[in-house]
Amino acid sequence: MTTRFRQHSSHWGAFRARTTPGGGLEIEPFEGDPDPSALLRNIPSALSHPARLSRPLVRKGWLEDGPGPDARRGSDGYVTLDWDTALDLGARELQRLGASPALPVGPPLPGARVFGGSYGWASAGRFHHAQSQLHRFLNTAFGGYVASVDTYSTAAGSVILSMVWGDAMKLNRDHPYLDELAEQTELLIAFGGLPLRNTAVSGGGNSQHSARQALERAAERGAGFVSISPIADDMAALPGLVHLAPRPGTDVALMLGMAHRLHETGRADRAYLDRYTTGYDRFLPYLTGAADGIPKTPDWAAGICGVPAPDIAALADRAAASRTLVNVTYSLQRAENGEQPVWMALTLAAMLGQGAAPGAGFCYGLGSIGNVGKVRLDVPLPTLPQGRNGVGDFIPCARIAELLLHPGKSYSYKGERRRYADIRLVYWAGGNPFHHHQDLTRLAQAFARPDTIIVHDSVGTATARHADIVFPATITAEREDIGAGGNDPFLVAMEPLAPVQGEARDDYAIFAALADRIGCAPAFTEGLDTEGWLRRLYAPTQAALLARGSPAPDYDDFRQGMILPLPLNHADGAIRRFHADPDAHPLRTPSGRIEIFSARVAEAGLPGHPAWLPPAEWLGAPLASQHPFQLVANQPAGRLHSQLDFGAASRESKNDGREVARLNPDDAARLGVKAGDVIRIWNGRGAVLAAALPSAGIRAGVVQLATGAWYAPVHLPGVGKTCVNGNPNAVTSDRGASVLSQGCAGQLALVSVERFGGPIPDTVPHEEILPRGRPENGAA
Ligand SMILES: Nc1nc2c(c(=O)[nH]1)N[C@H]1C(S)=C(S)[C@@H](COP(=O)(O)OP(=O)(O)OC[C@H]3O[C@@H](n4cnc5c(=O)[nH]c(N)nc54)[C@H](O)[C@@H]3O)O[C@H]1N2
Ligand SMILES: Nc1nc2c(c(=O)[nH]1)N[C@H]1C(S)=C(S)[C@@H](COP(=O)(O)OP(=O)(O)OC[C@H]3O[C@@H](n4cnc5c(=O)[nH]c(N)nc54)[C@H](O)[C@@H]3O)O[C@H]1N2
Ligand SMILES: [Mo]
């Protein structure tokens with residue numbers, strides 16, 4: 001029987017769905033979305049894919065030999081247990097590690113040995129948000145946990161901007177850049193392009209895809225676009241588009257060349273620099289070469305970035321003569337010394353002196369995430385209270401392998417000396433580190449160290465494959481929730497679309513059952529069931545709507561399948577206010593100004609102004625003679641990260657189930673590689689197989705392989721351990737972006753590429769990544 005349409009939401013859009021007589025799911029995008037995402041097509045497969053987990057699994061070695069470091073993680077077998085037995089085992093282990101209803105007063109709290117950072121995107125829905133549930137649980141049961149800060153998305157960029165501009169994540173969500181781009185910008189200089197595929201998603205919900213329209217409106221007005229990227233299709237083919245393809249990782253040199261030209265031709269805006277910035281005079285001797293004997297001329301820049309000097313000079317001239325918006329996508333900073341391109345772009349924009357003009361100045365992350373550049377909301381969104389983390393310890397999120405491998409080791413972060421904790425328990429819910437982290441061979445070694453690893457997921461990921469206890473979670477389509485995302489102007493009453501698969505349970509139910517066994521259920525649940533929580537979470541948003549006189553339906557009315565429009569806040573944001581009056585509205589930097597020189601950055605061990613710092617892995621590095629290709633490991637067009645990799649849109653982006661790697665046709669010809677050939681991409685850290693696609697839009701010397709294929713390391717005779725499905729993190733580097741941010745540097749890596757000569761190994765199907773054991777002790 002066909003059911004009625006029900007309302008739901010995802011990170012890539014709101015939609016309605018109904019089940020079809022064949023048990024499928026028919027999806028219609030939200031009618032208010034001007035440009036719905038094709039990623040919606042991945043959702044139906046989630047309901048009953050064989051990779052779904054339906055019963056708890058426990059690793060054999062852990063069950064037989066007890067908790068402890070164990071190198072068998074990743075290759076051991078699993079036993080299927082019934083829920084009560086598995087929950088008893090889990091709760092007993094949590095209690096052994098100190099979970100208790102009555103925690104010690106003051107340090108050391110038992111949570112100091114628990115890593116609960118649990119980085120990952122999980123699913124839309126404010127209550128069933130896996131990390132929030134986990135953090136609340138660990139705060140209740142352990143008094144806290146070792147957390148993680150920053151994101152894989154942006155760490156180097158956010159850390160540097162927090163010191164020289166202000167809180168980037170607040171500022172770049174505080175400015176209606178998309179409207180201004182559509183209406184005011186004359187020239188968009190887009191470092192990293194402005195890939196529409198990436199604006200498809202936004203954490204928590206993205207019911208209004210508006211980037212394409214904004215670009216088209218700007219183009220109709222005659223705006224110019226310069227996409228600066230090693231890959232041509234990082235920007236839609238708009239009229240007036242110019243594409244410059246620098247060597248990856250060299251944008252700072254290109255920007256310096258432009259800055260030098262502005263200075264030389266007298267077009268660096270001194271009035272702006274004096275009024276809104278500090279430190280230009282400390283930067284200038286570096287730019288001119290007075291400090292180091294190397295003038296950063298367009299010629300100098302061309303020798304590094306590979307963009308011809310006349311093009312660099314012409315771009316500077318054009319930028320100075322136009323109302324210019326300088327945008328940097330997150331990708332540039334997910335790299336060694338990733339702070340520098342972001343800081344240098346801010347400096348370049350300041351030299352252009354247009355920050356006070358609508359549609360001009362500096363922007364960070366337009367084209368990276370769907371909510372950047374949209375008008376902010378005027379009411380708070382529902383949020384699950386996480387309680388208090390009494391432990392207070394954290395790692396920069398991309399230092400997970402370091403943390404587990406080197407307890408006690410000291411490292412620096414934002415100029416501070418810190419030490420890694422000694423972690424005995426790793427608890428992950430809502431993320432997939434064996435997709436997202438760099439150098440996965442090293443991560444596997446790190447995951448051998450703790451006593452116990454617990455993972456919740458709805459599918460058998462490579463992370464679950466390294467866990468001791470795997471609890472099967474429901475998917476969002478099986479739950480009732482409230483969908484909401486930053487800058488997204490709709491609150492969605494998410495209705496369950498389908499019955500729960502197998503014996504999967506909501507994350508909340510799993511934690512509640514563990515809390516019950518530990519004796520801290522009252523504190524964790526506060527006596528509320530899911531509906532009770534949804535009502536409580538809705539109340540502050542409703543109160544804020546009422547207070548400003550906006551439509552504010554009661555919860556029960558909202559529940560009737562509503563998509564509730566939320567009011568926008570059109571008041572000037574912090575950047576606009578700063579430009580109106582920098583004394584009255586200083587930036588949150590030590591000087592209150594944009595800092596082109598920062599004492600704090602200098603104290604932290606980096607140059608005090610933006611500078612070209614050659615990374616260890618770029619096409620001009622000594623290592624390039626050994627591994628002559630630059631891998632660009634960017635975001636996938638056919639899915640969100642590793643989620644629903646088996647869905648229709650993701651499958652169509654692959655070749656026979658294997659991820660596709662694009663390379664320049666001349667490189668392909670030289671390597672004897674044709675479209676569809678399997679290539680091996682490798683370096684000293686590992687190897688990965690992909691299906692080759694020669695493509696004229698890829699810069700020579702670059703091979704592009706998106707993230708998210710499920711990691712499947714297989715020992716190939718004569719070749720060694722190789723990910724046969726195509727996850728680029730088999731070969732990326734785990735070094736931090738710098739001593740300042742310790743951010744993820746996974747976007748770029750030097751690799752070798754060759755046609756794979758041996759017998760072509762099959763890919764590993766999703767349902768075989770985590771082998772399921774036979775049921776034991778009564779589980780049906
Ligand atoms: N080389 C390289 N690596 C990168 C990047 C790169 O550019 N290059 N990009 C990085 C970036 S920006 C990011 S954000 C990360 C993304 O990395 P992740 O956020 O870890 O990736 P996802 O695939 O979104 O993982 C989410 C997991 O949560 C599970 N999940 C979904 N809903 C639920 C739920 O309700 N409950 C539970 N328990 N689980 C659920 C999904 O099945 C999935 O396994 O990758 C990073 N990795
Ligand atoms: N469809 C889809 N959209 C997504 C995601 C997804 O998984 N799927 N993930 C979301 C998440 S969590 C995030 S954080 C954002 C990430 O947003 P970004 O980090 O901005 O996105 P990427 O796709 O990694 O990179 C964008 C482009 O930058 C270019 N690039 C790489 N290195 C360089 C360089 O050194 N110089 C220049 N000039 N260009 C370079 C590459 O050609 C690449 O295609 O995307 C979000 N959007
Ligand atoms: Mo991200």
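Numbering of ligands and ligand atoms starts at 1, following listing order.
- With a heavy-atom cut-off of 4.0 Å, Asp234 touches ligand 2 through its side chain alone.
- For ligand 1, the atoms sitting less than 4.0 Å from at least one non-hydrogen atom of Val459 are 42 (O), numbered in the order shown with element in parentheses.
- What sits closest to atom 9 (N) of ligand 2 on the protein, heavy atoms only, is His641 NE2, 3.2 Å.
- Contacts with ligand 2 closer than 4.0 Å are made by side-chain heavy atoms of Trp121 only, the backbone lying farther away.
- Figure legend: cation-pi geometry between Arg136 and Phe524, with NZ or CZ positioned under 6.0 Å from the six-membered ring centre and within 45° of its axis.
- Heavy atoms of Ser331 found under 4.0 angstrom from ligand 2 belong to the backbone as well as the side chain.
- With Glu336 contributing its side chain and Ala616 its backbone, the two residues share a donor-acceptor pair below 3.5 Å.
- Under the 30°/60° scheme for interplanar angles, the aromatic rings of Phe447 and Trp428 are found to be tilted.
- Considering only non-hydrogen protein atoms, atom 34 (C) of ligand 2 sits nearest to Asp251 OD1, 3.4 Å.
- Considering only heavy atoms from C-beta on, Ile400 stays 4.5 Å or farther from Tyr119 through its side chain.
- At a 4.0 Å cut-off, at least one heavy atom of Arg479 sits close enough to ligand 1 to count as contact.
- Each of the atoms 42 (O) of ligand 2 lies under 4.0 Å from some heavy atom of Ile231.
- In this structure, Tyr508 has its ring center no closer than 6.0 Å to that of His128.
- One N or O on the side chain of Asn42 and one on the backbone of Gly638 form a donor-acceptor pair closer than 3.5 Å.
- Nearest protein neighbour of atom 47 (N) of ligand 2, counting heavy atoms only, is Asn198 O, 3.0 Å.
- Taking the side chain as every heavy atom from C-beta outward, Tyr711 and Thr463 never approach each other to under 4.5 Å.
- Checking side-chain atoms of His8 against main-chain N and O of Glu495 turns up a donor-acceptor pair under 3.5 Å.
- Under 4.0 angstrom from ligand 2, there are no non-hydrogen atoms of Thr151.
- Counting only heavy atoms of the protein, atom 21 (O) of ligand 1 lies nearest to His435 CD2, 3.2 Å.
- Judged purely by atom type and a 3.5 angstrom limit, Gln131 uses its side chain to pair as donor or acceptor with the backbone of Ala429.
- Applying the 4.0 Å criterion to heavy atoms of Leu748 picks out, from ligand 2, the atoms 32 (N), 35 (O).
- Protein heavy atom in closest approach to atom 13 (C) of ligand 2: Ile369 CD1, 3.6 Å.
- Side-chain contact between Gln340 and Trp612 is absent, with no heavy-atom pair separated by less than 4.5 Å.
- Residues Arg685 and Asp734 are not paired through a salt bridge, judged by the lack of any N-O separation under 4.0 Å between the basic side chain and the carboxylate.
- For ligand 1, one of its N or O atoms has an N or O atom of His456 under 3.5 Å away.
- Remark: the backbone N or O of Trp12 is not paired with any side-chain donor or acceptor of Asn206 at under 3.5 angstrom.
- Listed by number with element, the atoms of ligand 2 under 4.0 angstrom from any heavy atom of Gly249 are 34 (C), 35 (O).
- The backbone N or O of Pro341 lies less than 3.5 Å from no partner atom in the side chain of Asp251, so there is not a single donor-acceptor pair.
- Formation of a donor-acceptor pair under 3.5 Å by the Arg212 side chain with backbone atoms of Leu196 is not found in this model.
- Listed by number with element, the atoms of ligand 2 under 4.0 angstrom from any heavy atom of Val201 are 3 (N), 4 (C), 5 (C), 10 (C), 46 (C), 47 (N).
- Backbone and side-chain nitrogen or oxygen atoms of Asp507 are examined, and one is located within less than 3.5 angstrom of a nitrogen or oxygen of ligand 1.
- Within the model, atoms CZ of Phe225 and CG of Leu325 stand 11.0 Å from one another, a figure rounded to the nearest 0.5 Å.
- Remark: ligand 2 atoms within the under-4.0 Å shell around heavy atoms of Pro248 are 35 (O).
- Atom 32 (N) of ligand 1 has its closest protein heavy atom at Ser123 OG, 2.7 Å.
- For ligand 2, one of its N or O atoms has an N or O atom of Ile228 under 3.5 Å away.
- Protein heavy atom closest to atom 24 (O) of ligand 1, with residue, atom name and distance, is Gln643 NE2, 2.8 Å.
- In this structure, atom 15 (C) of ligand 2 lies nearest to the protein heavy atom Ser368 O, 3.1 Å.
- Using cut-offs of 30° and 60° on the angle between ring planes, the pair Tyr330 and Tyr364 is tilted.
- Those atoms of ligand 2 with a heavy atom of Ser153 less than 4.0 angstrom away are 12 (S), 14 (S).
- The part of Leu332 lying near ligand 2 is the side chain, judged by heavy-atom distances below 4.0 Å.
- Per-residue contacts place Arg334 under 4.0 angstrom from the following atoms of ligand 1 (heavy atoms of the residue considered): 5 (C), 6 (C), 7 (O), 9 (N), 12 (S).
- In the vicinity of Leu640, heavy-atom distances shorter than 4.0 Å reach the ligand 2 atoms 5 (C), 6 (C), 7 (O), 8 (N), 9 (N).
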- [ ] Apply ring pair (Phe, Tyr, Trp, His ring centres under 6.0 Å) to His456 and Phe511, showing your working.
- [x] CA-CA 10 Å; His456 298 189; Phe511 288 127; 4.6 Å; yes

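- If you look at Thr707 next to ligand 2, there are no close heavy atoms at all, none under 4.0 Å.
- Taking atom 20 (O) of ligand 1 as the reference point, the nearest protein heavy-atom neighbour is His436 ND1, 2.6 Å.
- When only non-hydrogen protein atoms are considered, atom 39 (N) of ligand 2 lies nearest to Pro230 CD, 3.4 Å.
- Taking distance alone, with nitrogen or oxygen atoms compared against 3.5 Å, His437 stays at or beyond that limit from ligand 1.
- Atom 23 (O) of ligand 1 has its closest protein heavy atom at Ser642 OG, 2.5 Å.
- For ligand 1, the polar-atom distance check finds an N/O of Gly746 within less than 3.5 Å of one of the ligand's N/O atoms.
- Annotation for ligand 1: atoms under 4.0 Å from non-hydrogen atoms of Asn729 are 1 (N), 2 (C), 3 (N).
- Residue-ligand proximity, Thr732 to ligand 1, at heavy-atom distances under 4.0 Å covers atoms 1 (N).
- With ligand atoms numbered from 1 in the order given, ligand 1 contributes 44 (O) to contacts under 4.0 Å with heavy atoms of Thr461.
- Scanning the protein for heavy atoms near atom 43 (C) of ligand 1, the closest one is Asp457 OD2, 3.6 Å.
- For ligand 1, the atoms lying closer than 4.0 Å to a non-hydrogen atom of Gln747 are 7 (O).
- Looking only at heavy atoms of the protein, atom 11 (C) of ligand 1 is closest to Tyr152 CB, 3.6 Å.
- Between Asn634 and ligand 1, not a single N/O pair is under 3.5 Å apart.
- Ligand 1 has an N or O atom lying under 3.5 Å from an N or O atom of Ala633, backbone or side chain.
- Proximity of a side-chain donor or acceptor of Gln501 to a complementary backbone N or O of Ser54 within less than 3.5 Å is not detected.
- Residue contacts with ligand 2 include Pro636, since one of its heavy atoms falls under 4.0 Å from the ligand.
- Ligand 2 lies less than 4.0 angstrom from a heavy atom belonging to Arg639.
- At a threshold of 4.0 Å, the pair Arg465-Glu768 does not count as salt-bridged, since none of the basic side-chain nitrogens sits closer than that to a carboxylate oxygen.
- Counting only heavy atoms of the protein, atom 40 (C) of ligand 1 lies nearest to Gly430 CA, 3.9 Å.
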